[in-house]
Amino acid sequence: MHDSTIAQLAEALRARRISAVELTRHFLDRIARHDPALNAFITVTEDEALRAAEAADRRLASGDASALTGIPIAHKDIFCTEGVKTSCGSRMLDNFVSPYDATAVERLKAAGMVMLGKTNMDEFAMGSSNETSWYGPVKNPWDTTRVPGGSSGGSAAAVAARLAPAATGTDTGGSIRQPAALSGVTGIKPTYGRVSRYGMVAFASSLDQAGVFAATAEDAALVLEAMAGFDPRDSTSLDEPVPPYAAEIETPWERLKIGVPKNFFDEGLDPAYAEAVRAALAEIEKLGADLVTLDLEYLHLSVPTYYVVAPAEASSNLARFDGVRYGYRSPGAEQLDLVTFYKRNRAEGFGAEVKRRILIGTYVLSAGYYDAYYLKAQRVRKLISEDFARAFREVDLLAGPTTPTPAFGLGQKTNDPIQMYLNDIYTIGANLAGLPAMSIPCGFVDNLPVGLQLIGPPLAESRLLKTAHYFQKATDWHRRVPPGYE
Amino acid sequence: MDWEIVIGLEIHTQLATRSKIFSGASTEYGAPPNTQASLVDLGYPGVLPVLNREAVVMAIKFGLATGCTIARRSIFARKNYFYPDLPKGYQISQYELPIVYGGKLDIVLDDGTVKTIGITRAHLEEDAGKSLHEDFHGLTGIDLNRAGTPLIEIVSEPDMRSPAEAGAYMRKIHTLVRYLGISDGNMQEGSFRCDANVSVRRRGEKAFGTRTEIKNLNSFRFVEKAIEVEAERQIDVLESGGRIVQETRLYDPDRNETRPMRTKEEANDYRYFPDPDLLPLVVDDALIEEIRATLPELPDAKRERFMREYDLPAYDASILTGQRPLADYFEAVVKATKARPKAAANWVLGELMGALNKSGLEIGESKVGADQLAALLDRIEDGTISGKIAKEVFEALWNEGGTVAEVIESRGLVQITDRAAIEALVDTVVDAFPEQVQQYKSGKTQVLGFLVGQVMKASRGKANPQQVNEVLRARLDSSD
Amino acid sequence: MSLAEQDIDKLCELARLEIDADEIGDVAKKLSDIVDMVSQLSAVPTDGVEPMAHPLDRPQRLRDDVVTETNLRELYQRNAPAVERGLYLVPKVIE
């Protein structure tokens, strides 16, 4: 069952060849068997899942089912889930049970999807390797000595190991696409504002966007269609109709003009990785596309820009974690003076990378540095955004590598933040400009997956998904399953 | 040494919206702790602010009423600091681009001169919660019901030069926000509070002195007193060769002194930046004109109209227009009575205000309605009762209710105008006071007043005093 | 541009964080590296470029002034470390 697509599973459910309970049981069993080696889940919600599956079966029986009713899904632990621990990968929220559902969760629940559990992640989504989690690192199913990518590493690994047919993720600087590439699955980060941020623990509000991991673009289209849409509770939610992605990707191929940024293939890119990506581009060309080489002049500034903007917003967003209304409180802290009370709760509740980013963010916003760093970064952000806008006047999509290298070893970059940050050099631009982008499996280097990144203009999710879908009809990289998880 | 005080005020006015500025929680005052604190107000993980239209409308009303420019585009910013009553660790406010700016307001000083005070800006922001200090085993309890209540912070130019000017300005703003219906202005409940920036300089000097900020003044009197003692303190410091430290101070009304605040300000770097959860607030001309059309007549215009239309002295007109409901009450009386507006003003400012003050009621809670006061004035006008009896009727209406006609009827207070009845009363008095009658006849005519009083007394005040005067005089002059 | 240990102390004060004495040197070093990395922005000519605070170039939406929330204090306070008579407890606040 776990090697079927969501569309196939949905068909089997509707035909009553399997029940939602059987399907859920199957994935719960796989989690029980494989997750101890992977650590992809922080919480497995077995009882809730089985109850939801029973409800889905009743809905299927009554003929009142959606395309996703009874399909299991895992949620990144950054999404608030009513009555279920929502830790955000942090000791700070280890004891936090959300009293409400995030809009994305609520919508998938309404569609009848069955939540299997909450997936591991870098603490507060700050990381590119899933090693900053309070719950320990997630292992890459292709090689458990390596990282799955981050920050949505648990979701990527769970889908790669076929522990869930789909999983939600969030992407602030590449946190869906980078782990999708490193774990060999399909991941899409839609246009900023396409999926509501309500109920997603905020990291950097002007960059955060929720999206989906699945084995195929077709599956991702189905889930995204149910998740996306206007939400009055999010002032930055896009009030635009959601196209029927799953139907639109099946429309006949139309010739595309695809821009290949030169600087996506600079010296930082692993040569074997580059070769796999170029082969994939050639494959897309064969589908019917014109490849145009172009230049994104300011792309090399996306990492420094991001490491001003994201920490600045994060330093403020994470101020609410103070041990007063919820979250971690250091034992006996109320006996301290007020300032030490705050410091102690936060020092013990947050890990090293989170503290680092809060301090950087505090620094770039502080008196005397605001103009030089924060305001400067906003101006460069504008230049980067205009770069993309200019490109999309010429081309329909941009394509290139998702990451500079395949999955690296656990612990390899933990002591060098800058090296870790450079992992996101190709993905951050889309966040700064608010553009939709995705990563799809396109080959292997030393038995490790390689990701092809596609970036589109605002609201071009259908075009991205359709390109990925046609590519996947012509290739089988996305069907490869890590050894031991077949 | 001759010193000049320089004062600027920051007035925080809670807006009278039903729900909070960024959440759907109620703003009603006095609910049990934390029962009106929603997920947004509590700063729960993942929740987001959505702006209340009415708060925007109210801020624009204020801007229009004070001649401010209405920003077509304004920005919400985060003011970052840690405090237990601030759940998110930042306050959503407006910093570089406030919704309204660059206005002015005229105040009338005691000597009747008018002074214009500049309004720098008024920006929208959210209120914080409250810390309760009593009786939690040495801990502080936090109530977040107030968190997220919409405020406008009205920042004046440093244009005031005395505590009295500051008091007059604050009262004027208070009157205005209540006129506009954008705030209940309730100072006990904290709906209207003020921070005062105070500095002193030698008269004639151009540069401002170093200022201090006195926080959280919640009455007109405290504002005036706090500024007065703070200015005195600063002058003492400077005259004894010291210098003023720029700091935040609190006013202690019991000891009538200011003292530095002990916390909150030790590292004053708020790291303002645009709130990425909120987009630019865009206001178009159509909305501004729509709001302008709803503005009521403002206090200054109403005062001038009262002077012109009702021929009232400036003093009466100022007080009557000081509160919109009072002005409305007065106009309702004027419309319904045949008496002169000045007579109506005297009654409203005299008996009515006296009764309201005595029972601690607002004009809206008056126990004598405008219709009854008008009826009362009409009865004086048509001679049914005397002014003195009218006071008795008013008191009865206030204490026991009913209508003017009922009170006059049931208490038999109709004025005696029957000539024969008055003559009978006069006869009695003339018989009872032969000595005084004799005095009158011998030319001491000033004794007439005493005799009139005795007739009035005999009539229990009901006799028409003019007629008594006539009859008595006729009787005394004619008899031998 | 490098950050000294006292800079870290000041930032910790503003951000209400503590760094252990034996880690502060390493933290200062890593933060300095990051500041160096982002400092390359200073070389970019940006005269006349509008700062971009947000990817969405749209106005703020307004909601109607309607009370939609009910009292869920009991539910919301289940996550609270210390509550008494409906109030969240914190160390003594001195003004």
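What you see below is based on every heavy atom in this structure, not just the backbone, and it leaves out hydrogens, waters and symmetry mates. Proteins come first, then strands; the chains are lettered A, B, ... in the order of their sequence lines, and each starts at number 1. Because the structure is predicted, anything quoted here is derived from the model rather than measured.
A:D371 does not touch chain C: none of its heavy atoms, backbone or side chain, sits under 4.5 Å away. Both the backbone and the side chain of A:R344 come within contact range of chain C, each with at least one heavy atom under 4.5 Å from a heavy atom of that chain. For a residue to count as touching a neighbouring chain, one of its non-hydrogen atoms must lie under 4.5 Å from one of that chain's; by this rule C:V44 touches chain A with backbone and side chain alike. Heavy atoms closer than 4.5 Å to chain C are found in the side chain of A:Y421, but not in its backbone. For C:Q60, the part lying near chain A is the side chain, with the backbone staying farther off; criterion is any non-hydrogen pair under 4.5 Å. Contact annotation for C:P45: only backbone heavy atoms (N, CA, C, O) come within less than 4.5 Å of a heavy atom of chain A. At a 4.5 Å heavy-atom cutoff, the contact between A:N415 and chain C is made by backbone and side-chain atoms alike. Proximity to chain A involves both the backbone and the side chain of C:T46, based on heavy atoms less than 4.5 angstrom apart.
Looking only at distances, no side-chain donor or acceptor of C:R16 sits under 3.5 Å from a matching main-chain atom of A:F341. Judged by distance alone, with hydrogens and angles left aside, the side-chain atoms of C:N79 form no donor-acceptor pair with the main-chain N or O of A:R325 at under 3.5 Å.
For the set C:L31, C:V90, C:I19, C:L75, the count of heavy-atom pairs under 4.5 angstrom toward chain A peaks at C:L31. Contact count versus chain A (heavy atoms, under 4.5 Å) is highest, among C:L62, C:L72, C:L41, for C:L41. When each of C:R63, C:R58, C:Q77 is scored by its heavy-atom pairs under 4.5 Å with chain A, the top score falls to C:R58.
Note on C:E18 versus A:R346: no salt bridge recorded, every NZ/NE/NH1/NH2 to OD/OE distance being 4.0 Å or above.
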| Where do A:T236 and C:H54 land on the side-chain contact (heavy atoms from CB on, under 4.5 Å) test, with the steps shown first? | CA-CA 9 Å; A:T236 64; C:H54 207 274; 3.6 Å; yes

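What you find for C:P81 and A:Y326 is that their closest heavy atoms are CD-N, 3.9 Å. Minimum interatomic distance between C:A53 and A:S206 (heavy atoms only, all atoms of both residues): O-CB, 3.8 Å. When all heavy atoms of C:P91 and A:D337 are compared, the pair lying nearest together is CB-C, 4.3 Å.
Counting non-hydrogen atoms of other residues, nucleotides and ligands closer than 6.0 Å to CG of C:D22 gives a total above 12.
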